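The model shown is predicted, which means the values in this text are computed figures rather than measured ones.
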Amino acid sequence: LRLRLALDVRIAPPDPDAPPSALWRARRTAAGKLVVSEKHPDFPALVAEALDAIGARAHDVRGAAEALGVSTSQLVKLLAAAQPALQRVNEARARTGLPPLKAN
């Protein structure tokens, strides 16, 4: 249910210059790696924040990753762990002429 809410409920696009949430910062290592299991209660909130950051940047995943302090591959890995999230981002990217993201 939490993941479904994370996928279906979007907020107004956040300020692209706003820092990541405290939760996001707590889950990110000093090296910029995002550490969270799909089974962890924080996972859906992190997916939601990632989707909001991507949406606020016109589906520019690289820009969203930079703003969140992780690599693009880390962000795509998070989305791929919640496959419907990756699918939604790819659908939105296709509508704007951007290529799909590929999970590694």
Side-chain angles (χ1 to χ4, degrees):
L1 178 61
R2 289 182 193 169
L3 185 57
R4 183 153 183 197
L5 286 171
L7 295 170
D8 292 341
V9 178
R10 303 276 39 91
I11 62 169
D15 176 0
D17 297 324
S21 69
L23 173 63
W24 190 276
R25 292 189 311 269
R27 286 286 174 190
R28 186 182 63 204
T29 68
K33 184 174 180 183
L34 195 60
V35 181
V36 65
S37 163
E38 303 93 64
K39 296 178 183 177
H40 194 281
D42 291 342
F43 181 76
L46 294 169
V47 170
E49 186 166 353
L51 291 173
D52 290 340
I54 293 166
R57 288 164 184 80
H59 312 295
D60 173 17
V61 176
R62 181 179 294 165
E66 275 182 28
L68 293 168
V70 296
S71 68
T72 303
S73 63
Q74 281 287 302
L75 189 52
V76 172
K77 183 178 176 182
L78 175 72
L79 297 172
Q83 190 58 41
L86 182 61
Q87 182 179 349
R88 288 181 188 202
V89 169
N90 279 335
E91 289 168 357
R93 288 173 61 87
R95 285 192 298 272
T96 60
L98 295 170
L101 302 171
K102 295 182 178 139
N104 296 341

Measuring from [X]:[atom1] to [Y]:[atom2], what's the distance to the nearest 0.5 Å?
X     : Y     : atom1 : atom2 : answer
Arg88 : His59 : CZ    : NE2   : 13.0 Å
Gln83 : Glu38 : CD    : CD    : 11.5 Å
Leu51 : Leu86 : CG    : CG    : 10.0 Å
Leu34 : Ser71 : CG    : OG    : 9.5 Å

side-chain contact (heavy atoms from CB on, under 4.5 Å) partners of Ala64, counting only residues at least two apart: Ala53, Ile54, Arg57, Leu75
According to salt bridge (charged side-chain N to carboxylate O under 4.0 Å, His left out), does anything in residues 58-74 pair up with another residue at least two apart or in another chain? List the pairs.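 Sorted result for residues 58-74: empty, none.
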Tell me which pairs pass salt bridge (charged side-chain N to carboxylate O under 4.0 Å, His left out) where either residue lies in residues 19-29, with sequence neighbours left out. Arg27-Asp42
Are the side chains of Leu68 and Glu49 in contact, using a 4.5 Å heavy-atom criterion? yes
Do Arg93 and Val61 have side-chain heavy atoms sitting under 4.5 Å apart? yes
For Leu23 versus Ala45, what's the shortest heavy-atom pair and its separation? CD2-CB, 3.7 Å
Nearest atoms (heavy-atom pairs only) where Leu101 meets Asn90: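 Minimum heavy-atom contact is N-OD1, 2.5 Å.
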